[in-house]
Amino acid sequence: MNGQMMQLPLLISSLLMHAERHHGEQEIVSRRVEGDIHRCTYREMAARARRMANALARLGVSAGGRVATLAWNGYRHMELYYAVSGSGAVLHTLNPRLHPDQLVYIADHAEDGVLFFDLTFLPLVAAVAPRTRSVRHWVAMTDRAHLPADAAKIPNLLVYEDLVDAENDRFTWPEFDENTASSLCYTSGTTGNPKGVLYSHRSTVLHSYAAALPDALNCSATDVILPVVPMFHVNAWGLPYVGCLTGAKLVYPGAGLDGKSLYELFESEKVTVSAGVPTVWQGLLAYVDANQLRFSTMKRTVIGGSACPPAMLRAFGERHGVHVLHAWGMTEMSPLGTACTFKPKHLAASEEERYAVMAKQGRAIYGVDMKAVDAAGNELAFGSPEQGELLVRGPWVLEHYFKDEGGNPLVKDAAGHDWFPTGDVVTIDADGYMQITDRSKDVIKSGGEWIGSIDLENIAMAHPAVAMAACIAAPHPKWDERPLLVVMKKPGAELGKEELLAFYEGKIAKWWTPDDVVFVDAIPLGATGKMQKNKLRELFKGYVLPTA
Ligand code: AMP
């Protein structure tokens, strides 16, 4: 027997309609690349999103068509979040920190038909535009008055405000199956080419509900949320959706991610909640401490993407009275998996004990189930001191990558349930708090962005003097991890560090360049001849990179 409740599909447009109707007067504030602060209400943003939906239809974007963005956090980017997905197309957020070669690959792989970009990325677009096959329209996210003269070199260039101005705001958000694709984000946190993660309306709306909960990101209509995490990183951790769901005021920092710009915005807009990777907070804390400033409205900040150092938890808590919420997730998980919030017993615990808990990545939020398994795939009981690989499942966890790249990533348990292997190695304590202890995937994460170790190895091995090269992550105080290249030269070959590093120029994004090169006599190999990078990681544990 079926239940007898209304069947309303969980659509992203319903979030916007809720915000417009019930929080229409609430503000969205953006620092624009044009240099000023822009203010609008949810009501105005929703009307502009409908105009943009009309514009997209006029550009020939049809259901399922991919529309890409190369943009900072701002109100226009938010309008696209809703206009594109809401009209049944797929919003593809491109990461502007990638090398142009990778962007060309990703845009063509995704078959992006239209690409919207902030003016900051004009040089990047100029490099990419002649090489992509799929993009028909390039749209500069500005008005005609701010369009620089050199924008003329982009073929078929359109201007965002022209598109909005040419339309009216009468548009009815279509109703369709909630499993329809809504957005697409590529991740480099896997081996091989970047892979696409295709979210659905259902996964996004369910994730938004869960993200807003008190024991997750804890957001309400009375909050002022400033997402530092970019909107090109896994939906800015869901915050543009949580904004509409709760009616919170949203503050977007644009390109101003340095300590001073962020601090000024936190204070002027009375921000209460923020979210970002540890590297950003380091810059902010350094600025605030150097200038003996205080946060007057900030209550808490979500830190994730990389492990939050215990000293950062204390710096925020003890010096500024800001509670750090340590969270863990992945592009493949929309992204939220765990959040580190207390259980009742911690309320009476000592400060030391509480900080020890906060340093963990946290406990599963409802909607995500997780378990650690040993090498044979057997589940480790909560409280086991043994570490194992973390597996997850849930309605906002990836089933397979876009276009089935890499085949079936899931593993089955004895009951026939599918689990997604995260590549994170963890312990889970008796209370269900997960802590990352290692990583089984062969990648490096620097300042919240992935660096492909295999790409770096392949380039080194293309050098005539290199016999074998392995790239591993070395700890770094600012970036969390930086690439360290371990190289075995060919017998009798002459090669120095500078020469090898110069060999990388033009082949990768500059910030991917290894921080150091160590020449060794041999690289440990396994029985099948594969480099044993875990052994190298052990060997170079605690390696101190040279400072620039
Ligand atoms: P991404 O898909 O770029 O969001 O990266 C996801 C990966 O980043 C995870 O699988 C972890 O390896 C790492 N990560 C994310 N959050 C944390 C955290 N709080 N602590 C440590 N590592 C993290």
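In each ligand, atom 1 is the first atom listed, and ligand 1 is the first ligand listed. Note that the structure is a prediction, hence the values are computed from the model and not measured.
- Residues of the protein with a heavy atom under 4.0 Å from ligand 1 are Gly304, Gly305, Ser306, Ala307, His326, Ala327, Trp328, Gly329, Met330, Thr331, Gln361, Asp424, Ile436, Arg439, Lys441, Lys445, Trp450, listed by chain and number.
- Using modelled atom types and a 3.5 Å distance limit, the side chains of Gln102 and Asn95 yield no donor-acceptor pair.
- Here the side chain of Ser85 pairs a donor or acceptor atom with the backbone of Ser182 at under 3.5 angstrom.
- With salt bridges taken as basic N to acidic carboxylate O contacts below 4.0 Å, one links Lys412 and Asp418.
- Using a 4.0 Å cut-off between charged side-chain N and carboxylate O, Asp223 and Lys249 make no salt bridge.
- The side-chain tip of Arg31 does not point at the ring of Tyr252 from less than 6.0 angstrom away and within 45° of straight on.
- Residues Glu449 and His233 have side chains that bring a donor and an acceptor to within less than 3.5 angstrom of each other.
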